[in-house]
Every structure is written in C-alpha cells, then in structure tokens.
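All remarks here apply to the structure that follows.
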2 protein chains.
Amino acid sequence: MFVRITTDSTLRPNTLRDLGMASHSNALVSLSEFSYRKGSEIYGEKEPAEYVYQVKSGAVRSYKLLSDGRRQIGAFHLVGDIFGLENGSEHRFTTEAIVDTTVRLIKRQSLENVAESDAMVARNLLSMTTNNLQHAEDHMLLLGRKTSLERVAAFLLEMDKRLTAAGVMALPMSRRDIADYLGLTLETVSRALSRLHEFGVLGFIGNTQRQIVLLDRDQLASLDLQP
Amino acid sequence: MFVRITTDSTLRPNTLRDLGMASHSNALVSLSEFSYRKGSEIYGEKEPAEYVYQVKSGAVRSYKLLSDGRRQIGAFHLVGDIFGLENGSEHRFTTEAIVDTTVRLIKRQSLENVAESDAMVARNLLSMTTNNLQHAEDHMLLLGRKTSLERVAAFLLEMDKRLTAAGVMALPMSRRDIADYLGLTLETVSRALSRLHEFGVLGFIGNTQRQIVLLDRDQLASLDLQP
DNA sequence: CGAGCCATTGAAAGAAGTCAATACAAGTGG
DNA sequence: CCACTTGTATTGACTTCTTTCAATGGCTCG
C-alpha cells in the first residue's frame with residue numbers, strides 16, 4: 001500500500017528543528033520518507049506507536065470509530081504538521097492519507113533517547129502535546145455547543161489560516177470528511193456552505209467544489225463567535 | 001471569596017510525588033491550601049497561570065463559554081486530581097468549585113524550575129498532559145457522534161470508575177453541569193436518567209437525586225459502545 | 001465515454017431543544 | 001421550628017434543527 005521513496009539517513013536539520021532539536025545536537029536520528037496513496041491507512045488505532053510523522057506533501061485525517069461505523073475525525077494534518085506523537089506506546093487514532101501523501105518519519109525511540117538528555121527537545125515535545133491538547137479543547141466546545149453554521153464557519157476560518165495560498169483555499173478533504181470533523185452529516189455541511197455562498201461570504205472557484213475564496217472573513221468570524 | 005487555611009511550607013512528599021517528583025529531590029516548592037465555597041471561581045480563562053492545583057476535598061468543573069452564554073464543561077476534577085497545569089502562561093478554562101472545595105496549590109514557576117533539571121519530573125509533566133489530551137480526544141468522539149443515551153451512559157461509567165464508594169455514586173454536580181459536560185440540555189439528561197431507571201440499569205438512593213447505584217454495568221457498557 | 005464517486009437539493013422523519021407546569025429539597029429568616 | 005423563598009429535578013407538550021432518505025447532476029478517472 002505504500003512506496004518507500006528514500007533510504008534511511010542521518011540528521012536533517014530541517015526536520016529535527018521542527019521537533020525542537022538543537023542544531024548542535026550530536027545525536028543520530030534515523031529518517032526516512034514514505035508515500036501513501038489517497039485513502040490508504042498510515043497506522044491504525046491501538047497499533048504500537050513506532051514512528052512519529054511529518055507531512056511533507058498531501059494531507060492526513062486522524063479519526064476514531066464507534067463499533068457501528070460512526071466516525072469522528074479529531075484533526076487534519078497538513079503540510080509541515082507533525083502527527084502520531086504518542087506518549088504511551090499505542091496510537092490513539094487511525095490515520096489515513098486524504099490525498100496522495102508523502103511523510104517523513106522518525107523513530108519514536110530515538111526521539112525519546114534524545115529527549116532524555118536534551119531538555120530543550122523535551123520541552124518542545126511537551127509544547128507540541130500542549131498544542132494538540134489546546135486544539136482538542138477548542139474542538140470540544142465546537143462539538144458540544146455550536147450550531148451547524150457556526151461549526152462550518154469555524155472550520156473555514158481554521159483552514160483559511162492553515163492552507164490558503166493566493167487567496168484561494170484548496171480543500172483536500174471531502175464533504176464527508178468535513179462532516180465527520182464537525183460532528184455533522186455531509187448534507188448539513190453542504191447546506192451550510194450553500195447558505196454561506198448565498199450570504200456572499202464565500203465563492204467557489206473553477207469547476208471543483210473544493211476551491212473556496214473567502215469574501216468576508218469578518219462576517220465569518222461573527223458567525224463563529226469564539227469568546 | 002476564599003479562605004486561606006494553611007501557610008506556605010516546604011516539600012510535602014505526598015503532593016509532589018503525585019507530580020512525579022522523585023522523593024530525593026532537594027528542591028523547595030512552596031505549597032499552600034485554599035478553600036473555595038460552592039460556586040466560586042478558582043481562576044478564569046485567559047488569566048495568567050500562576051499555580052497548579054490539586055483537589056484535596058470537594059469537586060471542580062472547568063469550562064469554556066461562548067459569548068452568548070453557552071457553556072462547555074471540559075472536565076470535572078475530583079479528589080486527588082491535578083488541574084490548572086498549562087504549558088503556556090494563560091489558563092485555557094475557567095474553573096469553579098462545584099461544592100465547597102479545598103485545594104493544594106503549587107507555584108507553577110517552581111515546578112518548571114524543578115522540571116528543568118529533573119528529567120523524571122519533566123517526563124511526568126508530559127505524561128499528565130498526555131492524559132488530559134487522551135480524555136479530550138475521547139470526549140470529542142462522545143460530543144461529535146454519540147446519542148444522548150450513550151453520552152449519559154458513558155458519563156455514569158466514568159463517574160463510577162472515579163468516585164464510587166460502597167457501591168453508591170454520590171454525584172457532586174447538578175443536572176445542568178452534567179448536561180454542559182455532555183453537550184446536552186438538563187432536560188435531556190434527566191430524561192435519559194429516567195429511562196435508565198426504567199430499564200433497571202440504575203437506582204436512586206435516599207431523598208436526593210444525586211446518589212445513584214449502578215445495577216447493571218454490563219448493560220450500561222453496551223449502551224456506551226466505545227470500540 | 002461510461003462507471004462510480006462526490007456534491008447539491010428537496011421532502012419527510014426523528015432526536016434533542018424549548019417552554020412550561022409541578023414537585024421536591026435545601027436554605028433563610030422570623 | 002416552621003413558613004417562605006430559592007434552587008433543582010422531573011415530566012409533558014410543542015418546536016426546531018439536524019438527520020435520513022431520495023433524486024439529480026457534475027466531476028474524475030479508468
């Protein structure tokens with residue numbers, strides 16, 4: 001299901017700096033790259049967490065399932081994002097490539113070894129975990145208390161911040177993915193987007209329905225209402 | 001609004017061990033106790049995070065508000081629980097005493113100082129944050145994808161694990177608190193509890209409506225359906 | 001170019017929310 | 001200690017929002 005692209009190598013400043021590795025660190029960390037085709041699984045819930053991942057290109061969804069198939073996506077991982085960092089030994093989500101995706105991977109064990117001696121790395125591991133926690137906390141508020149329109153507005157603002165290039169937001173994920181992220185059905189998401197389109201808050205570009213331009217971020221923000 | 005009970009003192013093995021402090025640590029950490037009356041605020045969202053707290057007696061809710069007053073409770077903190085541990089400098093929730101509550105408090109700065117030199121403490125800070133993250137991740141699934149009955153069943157099982165003594169669960173929080181934790185209204189929570197009562201899954205004890213006996217944990221677990 | 005996926009839209013059903021009445025418990029003050 | 005007020009919980013009737021079911025059309029990709 002995946003294709004190995006490069007071989008193991010030693011420390012690459014760019015990646016390790018993202019994990020908080022001081023550039024003077026003398027540790028060797030094994031690095032490789034893998035590519036996953038659209039829809040394929042990167043790892044499953046409950047699997048041993050052997051690697052930590054960074055998205056080099058593409059996009060990833062991580063989710064939990066109930067026994068009857070209901071799905072909750074906890075996060076989308078876009079280019080540059082690190083995911084799969086668990087403290088325990090098991091992954092707590094299943095992750096899949098949303099589109100064709102290439103990731104860098106780092107052996108978890110080697111990262112822990114470095115963290116043991118390098119307080120800076122340890123602090124950054126904590127800081128990354130805290131960022132994930134903060135995202136989850138905000139998402140609980142959205143899932144527990146916001147209306148469908150508010151959820152979709154919040155989603156658009158989040159994606160706008162994370163992946164807008166040249167004023168256009170090219171969403172990699174389907175309406176179903178968005179719905180499972182927001183705790184809605186895909187129909188409700190579609191209706192909310194249509195309403196926002198009617199309101200003149202956003203426009204669709206070209207032939208696809210996944211290229212969106214935000215025309216009125218202020219109105220969108222007022223629909224979201226964070227405080 | 002609060003009453004100072006004891007004065008600062010030096011290291012107390014019991015509390016610090018909970019934070020992962022090795023008992024041989026020679027650091028001095030200032031400790032005190034405070035009591036909060038039912039309903040009073042311990043700290044507010046966006047306030048500087050000066051202290052970390054541990055519940056000595058009582059119970060605490062931590063929540064976020066939307067501008068129009070909708071409330072999402074992210075967690076309940078019961079006896080022994082540590083809360084208020086932020087990585088950034090600000091609290092991300094408001095916390096209030098649900099009933100009269102006494103907490104121990106530790107200066108955040110002193111904890112960070114210790115973590116800097118003691119890898120064991122640093123690891124346990126990370127582990128506590130990871131536990132919070134895991135709870136939030138599970139709660140996202142509940143809020144995004146579970147029905148009202150499933151949510152209430154999950155809540156009862158969680159509380160059963162955390163505070164049942166002598167077979168009876170004495171809930172400190174109101175129906176409204178439960179509702180705001182589960183993303184429901186208090187009426188829906190009340191109806192779900194009534195249904196579970198009809199089903200013979202639980203019984204109410206005495207005159208109050210907050211003492212609950214679980215009569216059929218298996219049936220409750222089948223209503224929850226985690227996998 | 002055709003099969004299958006994806007998105008939109010409409011109509012109907014359903015789950016939870018809102019409004020309201022009642023009852024009970026707990027706290028207050030005479 | 002009792003009357004009264006206030007807060008909390010339950011229950012019913014009705015409304016609303018979201019879901020479900022269904023039909024249609026547009027893309028995409030073999």
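A note on names: the letters A, B, ... follow the listed sequences, proteins ahead of strands, and every chain is numbered from 1.
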Problem set entry | Presence of Arg210(B) side-chain N/O under 4.0 Å of dA9(D) phosphate oxygens OP1/OP2 | yes
Exercise. Given axes from five pairs at either end, by how many degrees does the helix from dC1(C)-dG30(D) to dG30(C)-dC1(D) bend, rounded to 10°?
Worked result: 50°
Side chains of residues 186-195 of chain A: which donor-acceptor partners sit under 3.5 Å, not counting sequence neighbours?
from      : atom 1 : to        : atom 2 : distance (Å)
Thr188(A) : OG1    : Thr185(A) : OG1    : 3.0
Ser194(A) : OG     : Ser190(A) : O      : 3.0

Problem set entry | Residue met sooner reading DNA chain C from 5', once Leu186(A) and Arg151(B) are mapped to nucleotides | Leu186(A)
Seminar exercise, completed: Taken to the nearest whole Å, CZ/Phe204(B) to C1'/dT8(D) is 13 Å
Exercise. For Glu90(B), what residues pass the side-chain contact (heavy atoms from CB on, under 4.5 Å) criterion, not counting sequence neighbours?
Worked result: Lys46(B)
For this session: Sugar-phosphate atoms are those with a prime plus P, OP1 and OP2; base atoms are the rest. Using that split, label each nucleotide of nucleotides 13-30 of chain D B, S or - for protein heavy atoms under 4.0 Å, 5' to 3'.
Result: B----SBBB-----S---
For this session: List for me each residue that meets side-chain contact (heavy atoms from CB on, under 4.5 Å) alongside Asn131(A), sequence neighbours excluded, and say none if there are none.
Result: Ser127(A)
For this session: Report the residues that fulfil side-chain hydrogen bond (donor to acceptor under 3.5 Å, both in side chains) with Thr164(A), sequence neighbours left out, ordered by chain and then residue number.
Result: Asp160(A)
For this session: Kindly say if Arg175(B) contacts the phosphate of dT10(D), meaning a side-chain N or O under 4.0 Å from OP1 or OP2.
Result: yes
Seminar exercise, completed: Sequence neighbours excluded, the answer for side-chain hydrogen bond (donor to acceptor under 3.5 Å, both in side chains) partners of Asp218(B) is none
May I have the list of side-chain donor-acceptor pairs in residues 82-89 of chain B shorter than 3.5 Å, sequence neighbours left out?
from     : atom 1 : to       : atom 2 : distance (Å)
Glu86(B) : OE1    : Arg92(B) : NH1    : 3.4
Glu86(B) : OE2    : His91(B) : ND1    : 3.2

Seminar exercise, completed: Of Asp180(A), Ile98(A), Val99(A), the one forming a side chain to side chain contact (heavy atoms under 4.5 Å, CB included) with Met173(A) is Ile98(A)
For this session: Under the side-chain hydrogen bond (donor to acceptor under 3.5 Å, both in side chains) rule, collect the residues that match up with Ser148(B), sequence neighbours excluded.
Result: none
Exercise. With Gln211(A), which residues qualify under side-chain contact (heavy atoms from CB on, under 4.5 Å), at least two apart?
Worked result: Val168(A), Ala170(A), Ile205(A), Thr208(A)
Seminar exercise, completed: Under a 4.0 Å heavy-atom criterion, DNA chain C is touched by chain A from dC6(C) to dA11(C)
Seminar exercise, completed: Contacts of Arg61(B) meeting side-chain hydrogen bond (donor to acceptor under 3.5 Å, both in side chains) (sequence neighbours excluded), chain-then-number -> Glu96(B), Asp177(B)
